[in-house]
Q: 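Starting off with a structure, shown below.
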Amino acid sequence: MRVCVFVEPHRGATYDDQLRFARRVEETGFEGFFRADHYQSMGADPGLPGPTDAWLTLAALARETSRIRLGTLVSSATFRLPGPLAVMVAQVDQMSGGRVELGIGAGWYEREHVSYGIPFPPVVERFDRLAEQLEVVTGLWRTPAGETYHHDGAYYRLVDAPALPKPTQVPGPPVIVGGKGPKRTPELAARYADEFNMPFRSVAETAAAYERVREACDRHGRDASGRAPLVLSAGIMVAIGRTVAEARRRAAPLHVKSALPPEDPVVGSPAQLVDRLGEFAAIGTTRVHLRLIELDDLDHLELIAAEVLPQLEAR
C-alpha cells in the first residue's frame, strides 16, 4: 500500500504553509503530496489569506523537494486550455526531475467559477470537454520529438503544435481520473488514465466503483493492449489522535457546513486507520491519499507516519 497525503489549501494556507507541510511529508516517509485545485473555500469561512494556484504552487515545490510525488486531486478541466495545461505540467515535471502527476476532472464547484469569471457549462459539456482535454494533453506528450500534433475536436483545435516541452517521464506524467460517476468516469479512466481514484467514500462504494472501472477496461481491451494495469486508489478523510479527545478535535471541521458531499472519514486511533487501510487493500486498493485538514497540524502528520506507516510495511 502506497500512502500519499492530500490537502486543501483553499481552506486557508499560504505557500509557506504548504512548503513546510510538503517538506515534512517528504521527511516522514510518505510517497507523495497532492493538493486540491480550487480558487475558493466551500463554506462561510473565506479561507484567508486566499487561494493559491495549484500548478504555480507545485512548480515551486518541485524545486524545494527531492523525493515525493507531486500532483493535483484534481485540476478542473474548466480552469485551463489543454494545450497550455500540457506545457505547464510538462515543465513542472522537468523541474521536479520526473515526480509530477496530473489528476484532472470535469469540475463541479459552480460558486468559484462565478466568483472568478470562469465559464461553467452544463455537466454533459463539462465531461465532453474533459474527454477532449485528456486526448489532447496525452496526445501532445506522446508526440515524438520533431513531429507536430493536430487535433480538430468539438471544443479545441490544435494545428501544427510542436508538442513541446517534453516531460521527463515517458510517455508522460501519470494521469489520475476519479469520482463516483457510474458511466463517463470509468470510461475515461479506462481510456486515458494511469490511476483511478475513488474519493472519500466507504469501502463498499469504492469496491463497486472499482468493478465498474474493471468492466470499462475490459470493454476497451486495456489489458490485451499491453498497457500497464490501472492503479486503483482511494481517498480517505482522516482525523487521528492519541486520545479520543484529540481525534474529535481534529474531526471538528468535518461538522462545519460545506458544499462538499457526504464522506466516510476515519476518526479515531492509528489502529483504526490501519484497519481501514486493510479493508481497502482487500478490495484491490494499492494506493491511498489521506486527506488531512489542517496544514499547520504537523503533529497529525507525524503521528500517522510514526504509528501507521510502519504497520503497513510490516504487513
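Values below: every heavy atom of this structure, side chains too, minus hydrogens, waters and symmetry copies. The first residue in the sequence is number 1, and the count goes up from there.
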Q: Is the charged tip of R291 near the ring of F200: under 6.0 Å from the six-membered ring centre and within 45° of its axis?
A: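 Cation-pi check for R291 and F200: passes.
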
Q: May I ask you to check whether over 12 heavy atoms, not counting those of R157, lie within 6.0 Å of atom CZ?
A: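 Not more than 12 within 6.0 Å, no.
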
Q: Do Y39 and D53 have side-chain N/O donor and acceptor atoms under 3.5 Å apart?
A: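 Yes, because at least one side-chain N or O of Y39 sits under 3.5 Å from a partner of the opposite role on D53.
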
Q: Determine the minimum heavy-atom distance between V175 and Y192, stating which atoms define it.
A: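 Answer, listing the atom of V175 first, then Y192: CB-O, 4.1 Å.
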
Q: Minimum heavy-atom separation for Y210 and I283, please, with both atom names.
A: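 Heavy atoms only, the tightest pair is CD1-O, 3.6 Å.
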
Q: Taking all heavy atoms of P173 and all of D194, pick out the closest pair and write down the distance.
A: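 Between these two residues, the closest heavy atoms are O-OD2, 4.1 Å.
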
Q: Working to the nearest 0.5 Å, report the span between CG of L290 and CZ of R276.
A: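 Here the interatomic distance stands at 11.5 Å.
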
Q: When rounded to the nearest 0.5 angstrom, what distance separates CG in L58 from CD in Q18?
A: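 One finds 8.5 Å between CG of L58 and CD of Q18.
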
Q: Check whether F120 forms a cation-pi arrangement with R126 (NZ or CZ under 6.0 Å from the six-membered ring centre, at most 45° off the ring normal).
A: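 Output yes; distance and angle both within limits.
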
Q: Any donor and acceptor pair, going by atom type alone, linking the side chain of E195 with main-chain N or O of L232 inside 3.5 Å?
A: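 Answer holds: no.
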
Q: Taking all non-hydrogen atoms of both residues, which atom of M42 and which atom of R111 are closest, and how far apart?
A: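 Nearest heavy atoms, M42 then R111: C-NH1, 4.1 Å.
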
Q: Do you see a donor-acceptor pair shorter than 3.5 Å between the side chains of E112 and H38?
A: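 Present: a donor and an acceptor within the cut-off.
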
Q: To the nearest 0.5 Å, tell me how far S233 OG sits from F6 CZ.
A: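 Between atom OG of S233 and atom CZ of F6 there are 11.5 Å.
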
Q: Would a 4.5 Å heavy-atom cut-off, applied to side chains only, mark H289 and L73 as touching?
A: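 Touching, per the 4.5 Å side-chain cut-off.
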
Q: Taking the side chain as every heavy atom from C-beta outward, state whether R249 and E246 have any pair of such atoms under 4.5 Å apart.
A: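 Yes. Closest side-chain heavy atoms under 4.5 Å.
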
Q: Is the shortest distance from a Lys or Arg side-chain nitrogen in D299 or R24 to a carboxylate oxygen in the other one below 4.0 Å?
A: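 Looking at R24 together with D299, the answer is no, because their closest N to O distance does not fall below 4.0 Å.
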
Q: Please give me the minimum heavy-atom distance between L303 and R250, naming the atom from each residue.
A: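 Closest approach of L303 to R250: CD2-NH1, 4.1 Å.
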
Q: Can you tell me how far apart CZ (R99) and CD1 (I68) are? Round to the nearest 0.5 Å.
A: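 That separation rounds to 6.5 Å.
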
Q: Are any side-chain N or O atoms of R69 and backbone N or O atoms of E31, one a donor and one an acceptor, separated by less than 3.5 Å?
A: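 Not confirmed, R69 side chain does not pair with E31 backbone.
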
Q: Hey, would you say the F79 and H113 ring centroids sit under 6.0 Å apart?
A: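 Yes, ring centres under 6.0 Å apart.
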
Q: Which atoms form the tightest heavy-atom contact between L164 and V87, and what is the distance?
A: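 Here L164 and V87 meet closest at O-CG2, 3.6 Å.
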
Q: With a 4.5 Å heavy-atom cut-off, do E307 and I304 have their side chains touching?
A: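 E307 does not reach I304 side chain to side chain.
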
Q: Look up atom CG in D128 and atom CD in E132, then write down how far apart they are to the nearest 0.5 Å.
A: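 Between atom CG of D128 and atom CD of E132 there are 8.5 Å.
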
Q: Nearest 0.5 angstrom please: L277 CG to T285 OG1, how far?
A: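 Reported value, rounded in 0.5 Å steps: 9.0 Å.
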
Q: How about R248: does its CZ atom have over 12 heavy atoms from other parts shown lying under 6.0 Å from it?
A: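 Open.
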
